[in-house]
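A short write-up of the structure that comes next.
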Amino acid sequence: MAYPFTEIEKKWQRYWAENKTFKTPDTFDPDQKKFYVLDMFPYPSGSGLHVGHPEGYTATDIIARYKRFKGYNVLHPMGWDAFGLPAEQYAIETGTHPRVTTEKNINRFRQQLQAIGFSYDWDREVNTTDPAYYKWTQWIFVQLYKKGLAYLADVPVNWCPELGTVLANEEIIDGKSERGGHPVYRRPMRQWMLRITEYAERLLNDLDELDWPESTKEMQRNWIGKSEGAEVDFKVEGHDQLIRVFTTRPDTLFGATYMVLAPEHPLVHEITTDEQRPAVESYIREASRKSDLERTDLAKEKSGVFTGSYALNPVNNKKIPVWIADYVLSSYGTGAIMAVPAQDERDYAFAEKFDLPIIRTVQPPEGFEGKAYTGDGPAINSSFLNGLGVKEAKEKMIVWLEEQGSGQRKVNYKLRDWLFSRQRYWGEPFPVLHDGKGHTSVVDEAELPVPLPEMEDFKPRPVKENETEPQPPLSRAPESWKYYEKDGVVYRREFNTMPQWAGSCWYYLRYIDPHNDEKLIDPEKEKYWMNVDLYVGGAEHSVLHLLYARFWHKVLYDLKVVSTKEPFKKLVHQGMILGETEYTVYKKKDGRYVSFDYVSTLSPEELENQGIQAERIDESLIVKSGDFFVLAEDKNIRVDARSFKMSKSRGNVINPDDIIRQYGADALRMYEMFMGPLEAMKPWSMSGVEGISRFLNRLWRLFIDEDTDTLSSKIRKEIRADAGQLRVLHQTIKKITEDIENLRFNTAISAMMIFVNEANKWPELPLDVMKTFLILVNPFAPHISEEIWQRLNLEDILARQHWPQYNPQLLEVDEVEWVIQINGKIREKIKASKKIPRETMEQMARQQGRIPSLLAGKTIRKIIVVPGKLVNIVAN
RNA sequence: GCGAGGAUGGCGGAAUUGGUAGACGCGCCAGAUUUAGGAUCUGGUGUCCUCAGGGCGUGGGGGUUCGAGUCCCCCUCCUCGUACCA
């Protein structure tokens, strides 16, 4: 029979809530050490919590409880990232207002989180859709506007007709919307932009000092994409305008044999000759009609059209043709390039296709057989650069260009300004007023927040045709909201709303001072609590959320609202939890099995044609043969074994509520941590949960007599622990402490299991040892440990105890097992004191057991003694 | 293509600075208890052989070392990210 976890867990959850056990006081002693441990707050979706959420949340909860035991003032809050597309779409699907569904979802999420026993300070809960919260999101926008970091611009945007909104570059994956996978097209639109590019250099440099996963830092570096080179101006024959290009290889300028403009480049129309105009215009039309996906992924083959004009290469005044091609992106650099086919693979492919000249300006090494050569080497065919290496040639060319006035040194970033408006209802309204004459201003800070108007019909209007201007839902808001009169002037409010990232850019600050009406955050509190000491969340936010939040943080730093340059000192990503491993066997229509090694070579169509179908098969019918799994009944039939991402369509989603009902919250927490390293991707296993559940029951029975439901008579208050018991306890303290510090929760749990296995062998259990052990268990399994603590009739509650410290002297074991090796192979073992000197050890080893006979007839060359571990005799 | 990470029993995973590979859990096998159990307890469990012993074993190949999962070189495969960024 299982211990009464349901009853116990409810009891303690109620106790913690009623007594506000984990409340972080508003006032604090500035000298007390603090620890701010933060989770990425969830998006309260309609489907509730899944098992991925409690993974990171349990990890941070363990840290929070551990740090409290260690005497830290701990901030461990939770809130809701509740604006955004999915909430709105869910609301549309169910025909209810997003405010209603959002509130319902939040209540469900909160209740689910509380059922897991997380020690959040619920008095600090924040909600991005609360006017008292988004007042400050709008306030930050006002500051951005005043600093010139927010501006309206006609920009080519990523327009998603299905969603009826524009999307940021980061919200597009493989040319499709991240949400829903709808096609995305480029079209110009007047939009709010945030000048994140102004912070590019700082966002790049400050990464170095962060304790973040290297992969995440690297992704941000790539996203920012700094490259150094030069801008060069090319005259266009017969025109006044110059074509400016960015290049990282100014040293190859003598090899520039043509130029390419992006189809959207503003000079295209002007320089196109009448003769070429029809071809050019049809190419531009084609390009604009292509989605990003078609333009990149499918366009392996280069395409382009000659404009009819020629540019003059500034180094030698040679005439070179100007083309347009969609392999040049309008959004990067200047939207135009000088093409150097001999030293650039893309240009080479283009030149080859359109038969354009190729001039080598870097001497490739002997035997080089490739086409474009991008490596280092002496400059050739390059007049005053000849003989120089790439690096020197670059330098010399930049100096020359600057002297001639036809170019200059330039640092370029891939990072573009942040497209900050969305044509949606469920988002923060912009605190912006339009005067109707093309002039904008921001709302007075005293009048914030600008509320989101109450609307019946908040649905977006999908716009299929690129030519029609989209109408955001707020354009249909009540007149009283839409217009605003001040000093006799009637202003129109902004109809776009902010993207979902806005609210999550700064929420970690609001937790510190969640109810402040006067300020975003009190400076004293900010100074005490920042930085976030540990931030745990999914790797999917590596660039989006984490880059935007860093940007806003730096702006707030410049405004002196915050005192730290970076918000999150240490970052950890929890790994994804996959569904239970599935074994799949393949069958033909006639029921005959087909081996997976054959099936895996087939395309889906071929599978269909041959009538081969997949069938899930139970693990017990499978054996391993070599490197593969095969059918036990026919070892020639290979079976596919893998774990899939949890998804509704696959039907492999685990609901934490079910686990809690069957095994309890402590088992859920423990299992999530026991599965493997926090950062690793790992498959769910129901029998693994059962294993943990058995452990918790064993732990319970160690203390509680099941028959009588009273304290076990083995627990003895008056007896003193013997050396062996103390050693086991202190080894456990050491192991668990070090493992928690290093976020190695799986091995910490294994240490608890070892302790319980040991303690089960003891005829009597010294109370002192057992209560210390309960403290060690508490961060992981807070309910069961607290309940046992109470039944032991101990002082106060467990949550207010102190973390034990291990005594190194108690860890010492005198007698250890030594290994005796001959030529590195283990031949004998000896139990002996650790303190025996090397020489004695060596003597003992030579006489031990079979060693003398094994050494017979051999010459000892060397003997290696590692004290406390081994003796290795080298002989031949 | 590029960047990052990884490969250890039937499975999830352990293994401080190179020093007893496989901790802990699952699964499996045997036994005990039980009216019964998918409950509990005890023991076993990398693999092979001629089994009181020995050989082989951390994706593959080479190297350094008395000694390599761990260090060096080459290769294969997997995962994640990214992709015409001039």
Side-chain angles (χ1 to χ4, degrees), chain A residues 1-2 173-174 213-219 221-223 225-227 229 245-249 252 260 295-297 299-300 302 325-329 331-340 343-347 349-350 412-416 539-540 542-543 573 575-576 581 619-620 622-624 627 629 641-643 671 674-677 679-692 694-695 697-698 701 706 735 738 744 746-754 757 760 817-826 829 850 861-864 866 868-875:
Chain A
M1 201 185 68
I173 293 169
D174 295 336
E214 204 44 54
S215 59
T216 303
K217 291 206 263 186
E218 199 54 30
M219 276 166 83
R221 284 187 196 111
N222 291 340
W223 192 264
K226 181 179 181 174
S227 52
V245 302
F246 171 72
T247 178
T248 54
R249 294 294 302 273
T252 62
V260 185
R295 248 175 101 156
T296 57
D297 224 44
K300 295 274 177 260
K302 295 269 182 292
D326 64 5
Y327 85 91
V328 172
L329 308 174
S331 47
Y332 183 76
T334 60
I337 62 155
M338 62 178 216
V340 188
Q343 273 86 226
D344 184 286
E345 276 156 25
R346 296 152 300 178
D347 296 345
F350 192 85
N412 199 43
Y413 298 92
K414 217 160 93 183
L415 182 72
R416 281 164 254 163
E540 65 273 20
S542 294
V543 265
H573 300 303
M576 200 197 308
T581 305
E619 202 183 339
S620 59
I622 288 163
V623 291
K624 193 151 186 181
D627 288 338
F629 287 97
R642 49 178 294 208
S643 320
Y671 176 66
F674 190 60
M675 291 172 83
E679 301 92 329
M681 183 185 281
K682 45 216 170 246
W684 187 267
S685 154
M686 237 19 182
S687 26
V689 180
E690 277 167 19
I692 282 289
R694 277 202 281 271
F695 165 69
N697 279 295
R698 241 179 1 254
R701 288 195 304 268
E706 274 207 295
K735 179 81 179 130
E738 289 171 357
R744 291 187 303 239
N746 53 333
T747 48
I749 291 170
S750 115
M752 291 174 206
M753 291 171 168
I754 292 168
N757 291 346
N760 259 319
E817 196 177 51
W818 294 66
V819 176
I820 303 163
Q821 299 176 328
I822 294 176
N823 296 332
K825 297 203 172 183
I826 297 159
K829 291 178 180 180
R850 301 174 297 124
R861 302 286 173 195
K862 199 172 175 184
I863 297 184
I864 291 121
V866 183
K869 291 228 163 99
L870 60 82
V871 179
N872 187 12
I873 303 168
V874 186

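As a basis for the values below, the full set of heavy atoms in this structure was taken, side chains included, without hydrogen atoms, waters or symmetry mates. Residue numbers begin at 1 in each chain, while the letters A, B, ... track the order of the sequences.
- Here Ser215(A) lies in heavy-atom contact (under 4.0 Å) with sugar-phosphate atoms only.
- Spacing between atom CG of Asn872(A) and atom P of G18(B) amounts to 17 Å, rounded to whole angstrom units.
- Take Lys682(A) and apply the salt bridge (charged side-chain N to carboxylate O under 4.0 Å, His left out) test, not counting sequence neighbours, and it matches Glu55(A).
- Here the separation of G5(B) from G57(B), taken at their P atoms, is 29 Å to the nearest Å.
- As judged by a 4.0 angstrom heavy-atom cut-off over every strand, Ser685(A) is placed among residues making no nucleic acid contact.
- We find that CD of Glu540(A) is positioned 13 Å from C1' of G81(B), with the value rounded to whole Å.
- When the P atom of G19(B) is taken as reference, atom CD1 of Ile820(A) falls 19 Å away, rounded to whole Å.
- Both tests hold for Lys302(A) against Tyr327(A): distance to the six-membered ring centre under 6.0 Å, angle to the ring axis within 45°.
- Of the possible donor and acceptor atoms, one in the side chain of Tyr671(A) sits under 3.5 Å from a partner among the backbone N and O of Ser685(A).
- Judged by atom type and distance alone, Lys829(A) reaches the base of U20(B) through a side-chain donor-acceptor pair under 3.5 Å.
- Residue Lys825(A) places no side-chain N or O under 4.0 Å from the OP1 or OP2 atom of G57(B).
- Listed nucleotides A23(B), G19(B), A86(B) differ in distance to Phe246(A); the shortest reach to its side chain belongs to A86(B).
- Rounding to whole angstrom units, CG of residue Leu870(A) and P of G67(B) are separated by 13 Å.
- The number of heavy atoms from other shown groups lying within 6.0 Å of CD (Glu738(A)) is above 12.
- Between G54(B), G25(B), C11(B), one nucleotide has an atom nearer to the side chain of Met753(A) than all others, and that is G25(B).
- Asn757(A) comes within 4.0 angstrom of sugar-phosphate atoms only, judged by non-hydrogen atoms across all strands, and of no base.
- If Pro677(A) and Ile749(A) are placed on RNA chain B by their nearest nucleotide, the residue sitting closer to the 5' end is Pro677(A).
- When the P atom is compared between U20(B) and A15(B), the two are found 14 Å apart, to the nearest whole Å.
- Around the CD atom of Glu619(A), the shell of radius 6.0 Å holds no more than 12 heavy atoms that belong to other residues, nucleotides or ligands.
- For the C1' atoms, the distance linking G69(B) with G19(B) amounts to 13 Å, nearest Å.
- When each of C24(B), G3(B), G19(B) is scored by its nearest atom to the side-chain atoms of Phe674(A), the top-ranked nucleotide is C24(B).
- We find the CZ-OG distance between Arg694(A) and Ser687(A) to be 8.5 Å, quoted to the nearest 0.5 Å.
- Using a 4.0 Å heavy-atom criterion, one finds that Met752(A) contacts no nucleic acid atom at all.
- Base engagement by Lys414(A) is indicated by at least one non-hydrogen atom pair under 4.0 Å involving a base atom.
- Heavy atoms of Ile864(A) sit under 4.0 angstrom from at least one base atom.
- Gln821(A) comes within 4.0 angstrom of a base, heavy atoms only.
- C11(B) and U17(B): their C1' atoms are spaced 32 Å apart (whole Å).
- Closest non-hydrogen pair, Ile692(A) versus Ile749(A), comes out as CD1-CG2, 4.3 Å.
- One finds a side-chain N or O of Arg701(A) lying less than 4.0 angstrom from the OP1 or OP2 phosphate oxygen of C41(B).
- In this structure, the nucleotide among A86(B), G13(B), C11(B) sitting nearest to the side chain of Asn746(A) is G13(B).
- By the 6.0 Å and 45° rule, Lys226(A) does not stack over the aromatic ring of Tyr413(A).
- Contact check for Asp347(A) versus Ile337(A): side-chain heavy atoms found under the 4.5 Å cut-off.
- Side-chain N/O atoms of Lys735(A) include none lying less than 4.0 angstrom from OP1 or OP2 on A23(B).
- Classification of C78(B) as anti follows from a glycosidic angle more than 90° from 0.
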Self-check item: Under the 3.5 Å Watson-Crick or G-U criterion, the dot-bracket string of RNA chain B, with | for inter-strand pairs
Solution: (((((((..(((......[....)))((((((.......))))))((((...))))..(((((..]....))))))))))))....

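- With RNA chain B read from its 5' end, the first of the two nearest nucleotides for Tyr332(A) and Arg744(A) is the one closest to Arg744(A).
- As a whole-Å value, the separation of Ile873(A) CD1 from G67(B) P is 15 Å.
- The side chain of Arg694(A) places an N or O atom within less than 4.0 Å of a non-bridging phosphate oxygen (OP1 or OP2) of C26(B).
- Set against A86(B), G3(B), C84(B), the side chain of Thr248(A) has A86(B) as its closest nucleotide.
- Here CZ of Arg701(A) is found 7.5 Å from CZ of Arg698(A). Values are rounded to the nearest 0.5 Å.
- Checked against G25(B), C24(B), G81(B), the side chain of Met219(A) finds its nearest nucleotide in G81(B).
- Below 30°, between 30° and 60°, or above 60°: for Tyr332(A) and Phe246(A) the angle between ring planes is above 60°, a perpendicular geometry.
- Using a 4.0 Å heavy-atom distance criterion, Glu817(A) is classed as a base contact.
- Separation of the P atoms belonging to A14(B) and G67(B) is 29 Å when rounded to the nearest angstrom.
- Among the atoms of the strands shown, base atoms are found under 4.0 Å from some heavy atom of Val819(A).
- When the C1' atom is used for both U8(B) and A68(B), the distance is 14 Å, rounded to whole Å.
- A68(B) atom P lies 12 Å from atom CD1 of Ile826(A), rounded to whole Å.
- Here Arg850(A) lies in heavy-atom contact (under 4.0 Å) with sugar-phosphate atoms only.
- When the C1' atom is used for both A7(B) and G61(B), the distance is 16 Å, rounded to whole Å.
- The glycosidic torsion of G57(B) lies more than 90° away from 0, which places this base in the anti conformation.
- Here the C1' atom of nucleotide U42(B) and the CG atom of Asn760(A) are 12 Å apart, to the nearest Å.
- Phosphate proximity of A86(B) to Ser227(A): present, with a side-chain N or O under 4.0 Å from OP1 or OP2.
- In terms of heavy-atom proximity, Ser643(A) sits nearest to Thr581(A) at OG-OG1, 3.2 Å.
- Regarding Met675(A), its CE atom lies at a distance of 15 Å from the P atom of C26(B), rounded to whole Å.
- Nucleic acid contact class of Gly691(A) (heavy atoms, under 4.0 Å, all strands): sugar-phosphate only.
- In this structure, Lys862(A) reaches the C66(B) phosphate: one of its side-chain N or O atoms is under 4.0 Å from OP1 or OP2.
- Comparing the P positions of U42(B) and U33(B) gives an interatomic distance of 15 Å, to the nearest angstrom.
- Set against A23(B), C26(B), C24(B), the side chain of Ser687(A) has C26(B) as its closest nucleotide.
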